[in-house]
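Heads up: the structure comes next, in structure tokens.
Here, residue 1 is the first one in the sequence, and each next residue gets the next number. Just follow the structure's listing: the first ligand is 1, and inside any ligand the first atom is 1.
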Amino acid sequence: MIYLDTAASYPILPEVKKSLLDAFENCYANSASSHLLGESALTKVNKVRELLADEIGAFPSEIVFTSGATESNNVAFKSLLLNDESLSHKKHIVISSIEHKCIFAICDYFQKLGYEISLVEPDVNGVITVENVKAAIREDTALVSIMHVNNELGTINPIAEIGEHCFSKGIIFHSDAAQSFCKTEIDVDDMNIDVMSFSAHKVGGPKGIGAVYIRDLRKRSLQPVIHGAGQEDGLRGGTVAAPLIIGFGKAIELFPQVYNYFISEDPKSYFFKKLQENEIEHSINGYGSTLPHILSLSLPNTNVTLLVRDNESSLCLAQGSACSSKEIEASHVLTSLGLLREQAEHTFRISFTHEVTKQDIDFLVTAIKKAAY
Ligand SMILES: Cc1ncc(COP(=O)(O)O)c(C=O)c1O
């Protein structure tokens, strides 16, 4: 099976699997317990907290472990907006029209609480520009949330510029870094980021674990999102998932090297070359600065149903939409870019593993060629 859906979930790295097995076997104590095994679990959890903080130029005290980026996005919005009295008169949120679906769901909830939401559309390259964000900001904007890397296009948004503008206006800036973490440079100070979301399973770690960075967490008055026994600075109750966090730590340690391999191998360029050599009509959605493992490809002269059906047991492809590839409706990212429903139906999101070979890419190109009208 050729797996081409790493933006939805990256295969677990073998070393991560080993560290998980070891942690499940030996690190079973509750990290809140005051005995030796509990303290050992706490030390290990806090080492990963330090590692993550180091990776993004933050303090360990500013990191809260969650179940993944969806929960981190929830914590980001709810912990900050539902408790900070200084913001209670500000009821406007700016997001982009190409955010992950969970951001829209969170905004629907805030709309019910009386907030107004402005959507910033991408430019023709699939990028959210600082100019467009500036135009959407109002006197009563409480929060701007723009993802770092788009999960369908692989485009990198200029979050440092957006962060600088938000900082100058005193607006909280959140960025969903589920797709960019450990793949491209992040420095929360240089980028003026106040809140940022991460997920382990996008970097070869286990599912069910992630984190949120909150600047000056301990100095803020924050609304707990899961009321519990005080874990994670009281923001997110529940026994801390030490084994999963240890696995996440291993992934953070190793994934940047894995990703450097992508950069050196550049599978995307080889794929484009092969498409051209085989005279396959195609267009790419999202230009300019993009990550080397993700691409959105429209194939107007390809019988997509045939391509998917004939290769069901050999290719794992995401069609039209990102994390919910079973959806039949056109993805909101593609329609934001101006694609019509039919064009979106002829579009695939391809995201390689670091183990993809030239033979795999040749197989994919041949499969596409075979499915031509
Ligand atoms: C940009 C983005 N945000 C959030 C998520 C959700 O992440 P998780 O599965 O960790 O909740 C994903 C992936 O599904 C994503 O690509």
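Using a distance-only test at 3.5 Å, with no hydrogens or angles considered, no donor-acceptor pair links the side chain of S9 to the main chain of T6. In this structure, H165 contributes its side chain and E161 its backbone to no donor-acceptor pair below 3.5 Å.
For the ligand labelled ligand 1, residue H201 lies inside the 4.0 Å heavy-atom shell.
If you number the atoms of ligand 1 from 1 as listed, the ones under 4.0 Å from a heavy atom of Q179 come out as 15 (C), 16 (O).
Residue S175 comes nearest to H148 through the heavy atom pair OG-N, 3.3 Å, listed as atom of the first residue, atom of the second, then distance.
Grouped with Y28 in one hydrophobic cluster are L37, the linkage being side-chain heavy-atom contacts under 4.5 Å among Ile, Leu, Val, Met, Phe, Trp and Tyr residues.
Of the heavy atoms in T70, both backbone and side-chain atoms come closer than 4.0 Å to ligand 1. Counting heavy atoms closer than 4.0 Å to ligand 1, residue K207 contributes nothing at all. Heavy atoms of M147 found under 4.0 angstrom from ligand 1 belong exclusively to the side chain.
Side chains of Q223 and K78 form no contact here, defined as non-hydrogen atoms less than 4.5 Å apart.
Within the structure, every pair that satisfies the salt bridge (Lys or Arg N to Asp or Glu O under 4.0 Å) test and touches residues 251-264, not counting sequence neighbours, is listed here: K250-E253.
Within a 6.0 Å radius of CZ in F167, other residues, nucleotides and ligands contribute 12 heavy atoms or fewer.
With K101, K202, H100 as candidates, the residue nearest to atom 13 (C) of ligand 1 on a non-hydrogen basis is K202. Here atom 2 (C) of ligand 1 lies nearest to D176 when heavy atoms of I294, D176, N151 are compared.
The N/O atoms of N73, backbone and side chain alike, include none that comes under 3.5 Å of an N/O atom in ligand 1. At least one N or O atom of S199, backbone or side chain, sits closer than 3.5 Å to an N or O atom of ligand 1. For ligand 1, the polar-atom distance check finds no N/O of S67 at less than 3.5 Å from any of the ligand's N/O atoms. The shortest N/O to N/O separation between A69 and ligand 1 falls below 3.5 Å.
Using a cutoff of 4.0 Å between basic side-chain nitrogens and carboxylate oxygens, E62 and R218 are not scored as salt-bridged.
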